[in-house]
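Remember, predicted model here, so these are calculated numbers, not experimental data. Below, chains carry the letters A, B, ... as their sequence lines are ordered, and counting in each starts from 1.
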Amino acid sequence: PLPPLPRPHPAKGIHKCRKMGQDIRNTVGNVPMEWYQDYPHIGYNLDGKKIFKPIRNKDELDEFLDKMENPDYWRTVHDKMTASDIRLTDEQVDLVHRLQKGQFGDVNFNEYEPSVDFFTNEVMIHPVTNRPQDKRSFIPSLIEKEKVSKLVHAIKMGWIKPRKPKETTPQYYDLWAKEDPNAILGRHKMHVPAPKMRLPGHEESYNPPPEYLLTEEERLVWEQQDAEDRKLPFLPQKHSCLRAVPAFSRFIHERFERCLDLYLCPRQRKMRVNVNPEDLIPKLPKPKDLQPFPTTMSLVYRGHTSLVRCISASPTGQWLVSGSDDFTVRFWEVNTGRCMKTLEVGGAVKSVAWNPNPAVCLVAVCFEHTVLLLNPSLGDRLVVSSTDQLITAYEPPEEDKEQAVTWALSEGLEHNKGHRLTLTHPKAVKQVVWHGKGDYLSSVMPDNSSNLQVLIHQVSKRRTQNPFRKNKGLVQCVSFHPLRPYFFVATQRYVRVYNLIKQELTKKLMTNCKWISSMAIHPGGDNLICGSYDCRLAWFDLDLSTKPYKMLRHHKKALRGVAYHRNYPLFASGADDGSVIVCHGMVYNDLLQNPLIVPVKVLKGHQITHDLGVLDVTFHPTQPWVFSSGADTTIRLFT
Amino acid sequence: MGGLQKKKYERGSATNYITRNKARKKLQLSLADFRRLCILKGIYPHEPKHKKKVNKGSTAPRTFYLFKDIRFLLHEPIVRKFREYKVFVRKLRKAYGKAEWTGVERLRDNKPGYKLDHIIKERYPTFIDALRDIDDALSMCFLFSTFARTGKCHVQTITLCRRLTVEWMNYVVTSRSLRKVFLSIKGIYYQAEVLGQLITWLVPYQFAHDHPTDVDYRVMATFTEMYTTLFGFINFRLYQTLNLVYPPKLDSKAESELKAEHEEDYAMDSESYLEKLSALSASLARVVATAEEEENQLDLFPTEGEDQENMQAREKEQKEQEAQKRLFEGLKFFLNREVPRESLAFILRCFGAEVSWDKSLCIGGTYEVTDETITHQIVDRPDMDKQYINRYYIQPQWVFDSVNAQMRLPVEDYFLGTTLPPHLSPFVEEKDGDYVPPEKLKLMALQRGEKPVQEDEEEEDEEEEEEDDDEEEDDDVDDEELTEEKNLKKLEGTRAQGKTLAVKVTPGKVKPWETGSVGNKVRLEQEEKAEEKRLAIMMMKKKEKYLYDKIMFGKKRTTREVNKLTAKRKAHEDASKAQKKQKKAKKQ
């Protein structure tokens, strides 16, 4: 908008007599001064010149200082029109005071002057007007007479009757005299009748049995609860006799609430599930009929001083090897529980694996960056010596290829201790697994950022391969297919199945778990179980689908180890809750029949230490026995 | 190809529902009128399955009505009456403002009113429907009839409620259909069986009400308006079924008897008849004078097998009912002035007793205290000065307990000044697993005809028994260890006898399943079963497991509650016993 124009002042002449210097009267008139907010001037003086705003506006601080220092601050008024401060004179201040008190502005004005009547209040002898009365004011009205006679005539003729008194009492009759069930509206079929009020129980009695009265604590709890949370809407009370019963103070309230319920609450038919809980329990074959399976704890192998991470049984079933965090590997005789041998290694043992070939006596042990092949010299001497021969029979190839790991033959003292071959890896090794034939073994070095996670070694040729070119995630564990050239790799959430001959991915199993901890392959090779840290065990039927055939949530805590039995239809899982659950897992040759899974026994025995229970489980190769190693430094045999 | 694009929320559930405000606008009614209409017509909101869909994507909390319901309300003639009333109020206000008093009077005379007959007929197409829904009507009318005639609602409503409730009580007395009564802390519950329907209602104790401020009496009044209409029609029909005159009239014989001398002092002319009716002491006039109801015998049909059993059961039930109807027949009661006269007179008359009271208490007393033939006098005070030898002085709870027990209970427990036995609710039906208070067990034994053992002896016996019990319980606890030890000893003994070897064998722990005793076998089996079940539960599907857990949780909760109650009871009894012992010791 354009800046407002100056208006010609009508009384210009009068002000001329004043001193020119003092008179800075603004001529803009009665307009809101905000209009001039954005301009340097605030209006125009009598000469039509711009009145400029003071250069510096007063800010809060100036205002405050002024307030503190200026003794006349209280009588200073800001004039918006001229943007200047005006000090009020004494008369003006006096006027303000008078107006504030509600007095007249003029000091000399007397508001209590005696009143003078306009007219006199005395009755005068002469009337004000002297008009005579109308004639119609004293003779009866003809029109009225006509009206009355009309009414009289109507009454006589019976046209007008006196008003009947109104019936106030309601009339009742037989409303349902003609009941016609067909006349029922369709609406009524939909109608949900209001539920009846709940009938009172013993606690509502005026003299209830003593057990229904609330104790002191219960009463306090009741009083502190919200009205909605209370189980009883009233406090049970006992009165010695009927005359002592007082009126119930919430009677009208309750009736009113019922009324509200009737007209404000949506009504719904709730279907109540009326099931016998026993019927919900699935009918499974009795565990008794599925014998044999381990039922009792019969041996405890003690000796380790720290948690036992891994165990493995020899293919003959006579020996057991265990690796522990106390840097030792122990060899046990299964039947007696005797510790045959203790070998110190240079680190916490992460995994042990006994060569599955019964003609070879070799144990793979992994700790830190090393995988160690041991010959425990237990059992048949021929086997032991043939194993040694097998290892020494190696002839180095002519052209030496660069390998990912270094193979070293142990000699001297170490050889006497049983060490045969040492494979030094570039990274920490977590797991070693033998192939079923016993010549190949695989080691896992979990590392999220490289493709060098899984290595496959051939012992007879002392050769190492890295089968994967790409990193597909953190590898948890690997396993060989027992019969066919397949290789299973479990990452955090998936299990990938690779064909080693064709060198391609054949399947990717979705486990629906958050983090896989362990894996075991059925000796038939068509089924697989996966344990996970989120308490689940997934059973896959590889022919059926890539999704789990069954998800078992038997354990309360994270699963650490799973195992299949080689001959019997059994599998076991060990978890942090200290229990080993043995299930019957029958796989049929008939492809149409799904595997039958029945939990048969919960084995308990391991103590929970540092929130860890069972760390590894493995089955005896021939007997229906299961070994478990736990964080309580023991290994237990259940038979 | 595509055709018209479908618009959202123009089909499906969004069109089946309508919000309250929209419904109100559609009907062109104020909120109060809409509420009244809903109450009268019995329309209630509906909870849609997909609230967001119905709410057109919004999640704001709204009340939804079925659109069909609202359309159904559109045709209601009462809606027009509401509008007429609105106009009437406007005209009246105008007339007042102009001080046109004749106009005001004329308007007042022509005040528009409405009847609810057709609504009742529509809501309850058959009589049984109406009878089924009468519980709330009864409770409400009984409440309104106790209101003081000041302010809270129209006096006519109160008198009408009173009249209807008196009619109802008279009907129940005449048909003898009362079944159960219960003295609660809220009021007195009655349950009657009328034409096969169980009807329960609650009557407050006779006190002045402390009217709460947070209660909307308009809502209650609207409900009462509907209920009185319904109730009146039901009463009419019920009286008709019993061949009684409606509105009720006293028997001419009884009327002459009831002619009191100071009738005028007692009540106004207009009210004295209702008062006489409400006294409940006289029988009602019948349309056709018949002596008494004939017994309606069940016709016997030749039946076989299960039917016969059912038949027999039914017959037995009917016999019991007949017996219950005559519970107090032949007894003559006198009510002292401190007992609730109306409820007691009602109950006693329902079961065939004769009742009277002091004539200063109420109109309609038929005999005096001095009458020698009185068998029971109901008293609710610690002691009486002048007592007659040939009558029982009992506390009112006896009447209630006897009615619920369907038999005359022994009067000893209810004498003057004695501590009353607990009053149990007759409405509780214990299923197995629920807590049954010991009084109820005792009562059930009494109903079966077993004689109660003499109290004092019993108590002492009980004490001894209990001590024995305690010991036994201790035994139970130690049992396992003891048997094991015994077994061990036995084993050792046999071994010692058989071979006297110098080698000492430390005894291993004998597992329970290795010893051959029968109890262990049973226990073993049970354990096995339990484990089997546990394993099977592990294999349940997630959904079923959830349901199963829920059911089991509910079961556990009930057992927990039962245990809590029993424990409390036991603690209480122990405490009272200890007190008694102390008293005894002091005496000695």
Side-chain angles (χ1 to χ4, degrees), chain A residues 163 168 170 172-176 179 181 183-185 187-188 193-194 196-197 199-202 204-211 234 237 240-243 245 247-249 251-253 255-256 258-260 262-268 273 275 277 280-282 284 286-287 554 598-600 602, chain B residues 38-39 44-47 72 109 117 120-121 125-127 135 140 143 156 182-187 189 200 204-205 207 209-210 212 215 219-220 223 232-233 236-237 240 338 380 395-396 420 422-425 427-428 437 439 532 535-540 544 547-548 551-552 565 568-569 572:
Chain A
R163 218 173 260 140
T168 49
Y172 297 119
Y173 51 91
D174 193 356
L175 189 68
W176 293 281
E179 267 177 18
I184 298 170
L185 292 175
R187 239 188 103 248
H188 286 285
K196 297 206 167 189
M197 292 279 272
L199 290 172
H202 297 312
E204 208 182 309
S205 166
Y206 88 104
N207 181 14
E211 62 268 31
F234 54 88
Q237 283 158 342
S240 59
C241 54
L242 189 57
R243 72 169 186 283
V245 184
F248 185 62
S249 57
F251 195 95
I252 295 177
H253 270 121
R255 203 92 292 280
F256 178 61
R258 170 72 177 170
C259 286
L260 290 186
L262 283 177
Y263 92 94
L264 277 182
C265 277
R267 294 179 197 167
Q268 245 170 7
V273 187
V275 207
L280 290 174
I281 298 173
L284 293 175
K286 279 189 180 176
H554 295 168
V598 183
V600 287
V602 180
Chain B
C38 283
I39 292 171
Y44 47 85
H46 276 255
E47 189 81 2
F72 165 76
D109 280 340
D117 305 6
I120 300 290
K121 182 77 203 267
T126 60
F127 177 57
D135 284 19
M140 194 66 131
L143 171 66
Q156 289 99 310
F182 177 52
L183 290 166
S184 90
I185 50 172
K186 292 181 185 172
Y189 284 91
T200 319
Y205 289 116
F207 289 105
H209 291 285
D210 183 14
V215 162
V219 172
M220 300 247 280
F223 267 103
F233 285 121
F236 186 92
R237 177 77 177 231
Q240 226 182 17
E338 69 273 7
D380 194 8
Q395 300 198 37
L420 290 167
H423 181 57
L424 298 176
S425 164
F427 302 113
V428 181
E439 285 84 11
E532 249 172 54
L535 289 171
I537 285 170
M538 287 202 315
M539 280 307 282
M540 265 164 123
E544 285 174 352
L547 186 63
Y548 180 83
I551 294 173
M552 292 323 267
L565 283 175
K568 255 173 148 182
R569 178 74 180 205
H572 176 82

* Under 4.5 Å heavy-atom distance to chain A, tell me which part of B:Glu544 shows up: side chain, backbone, both or neither. => both

* Under 4.5 Å from a heavy atom of chain A, the part of B:Pro396 involved -> side chain

* **Greatest number of heavy atom pairs closer than 4.5 Å to chain B - which of A:Cys241, A:Ser249, A:Ala194** => A:Cys241

* To do: Can you tell which part of B:Asp135 gets under 4.5 Å to a heavy atom of chain A, answering side chain, backbone, both or neither?
  => side chain

* pair B:Gln395-B:Leu420: side-chain heavy atoms closer than 4.5 Å -> yes

* Heavy-atom distances under 4.5 Å only: say whether B:Phe182 touches chain A with side chain, backbone, both or neither. => side chain

* To do: Just say parallel, tilted or perpendicular for the rings of A:Tyr206 and B:His423, cut-offs at 30° and 60°.
  => tilted

* B:Leu424 CG to A:Asn207 CG distance, which is reported to the nearest 0.5 Å -> 9.0 Å

* Can you check whether B:Leu143 reaches B:Pro204 side chain to side chain, under 4.5 Å on heavy atoms? -> yes

* Asked: Which distance, rounded to the nearest 0.5 Å, do you find between the CG of A:Leu280 and the CE of B:Met540?
  -> 5.0 Å

* **B:Tyr205 and A:Leu242, any side-chain heavy atoms less than 4.5 Å apart** => yes

* Asked: Hey, are the side chains of A:Pro599 and B:Met539 touching, using non-hydrogen atoms and a 4.5 Å cut-off?
  -> yes

* Asked: Of the backbone (N, CA, C, O) and the side chain (C-beta and beyond), which part of B:Gln240 lies under 4.5 Å from a heavy atom of chain A, both, or neither?
  -> side chain

* **4.5 Å side-chain heavy-atom contact, A:Leu199 and B:Tyr189** => no

* Most chain A-contacting option - heavy-atom pairs closer than 4.5 Å, from B:His572, B:Lys186, B:Glu532, B:Arg237 -> B:Lys186

* Under 4.5 Å from a heavy atom of chain B, the part of A:Arg243 involved -> both

* Structure fact -> If one checks every heavy atom of B:Ile551 against chain A at 4.5 Å, the contacting part turns out to be side chain

* Structure fact -> When the 4.5 angstrom heavy-atom criterion is applied to A:Pro193 and chain B, the contacting part is neither

* To do: Please flag which part of A:Val275 lies under 4.5 Å from any non-hydrogen atom of chain B: side chain, backbone, both or neither.
  => both

* Asked: Which bit of A:Leu284 is near chain B, if near means a heavy-atom gap under 4.5 Å: side chain, backbone, both or neither?
  -> side chain

* Structure fact -> Interface check, chain A: of B:Cys38, B:Gly187, B:Pro437, most non-hydrogen pairs under 4.5 Å belong to B:Pro437

* Among the listed options A:Tyr173, A:Phe248, A:Trp176, A:Phe256, the residue most often paired with chain B at heavy-atom distances under 4.5 Å -> A:Trp176

* Do other residues, nucleotides or ligands put more than 12 heavy atoms under 6.0 Å from the NZ atom of A:Lys286? -> no

* To do: Tell me, for B:Val219 versus chain A, whether the close heavy atoms (under 4.5 Å) come from the side chain, the backbone, both or neither.
  => side chain

* Among the options A:Pro208, A:Pro200, A:Pro266, pick out the one with the most heavy-atom pairs lying under 4.5 Å from chain B. => A:Pro200

* Asked: Which region of B:Phe236, side chain (C-beta onward) or backbone (N, CA, C, O), has a non-hydrogen atom less than 4.5 Å from a non-hydrogen atom of chain A, or is it both or neither?
  -> side chain

* **Euclidean distance, B:Leu183 CG relative to A:Glu204 CD, rounded to 0.5 Å** => 11.5 Å

* Please state whether the side chain, the backbone, both or neither of A:Gln268 comes within less than 4.5 Å of a heavy atom of chain B. => side chain

* Determine whether more than 12 heavy atoms belonging to other residues, nucleotides or ligands lie under 6.0 Å from atom CG of B:Asp109. => yes

* Asked: Any side-chain heavy atom of B:Leu535 within less than 4.5 Å of one from B:Met538?
  -> yes

* Which residue out of B:His46, B:His209, B:Met220, B:Glu338 racks up the most heavy-atom pairs below 4.5 Å with chain A? -> B:Met220

* Which atoms of B:Tyr548 come close to chain A, meaning under 4.5 Å heavy atom to heavy atom: side chain ones, backbone ones, both, or neither? -> both

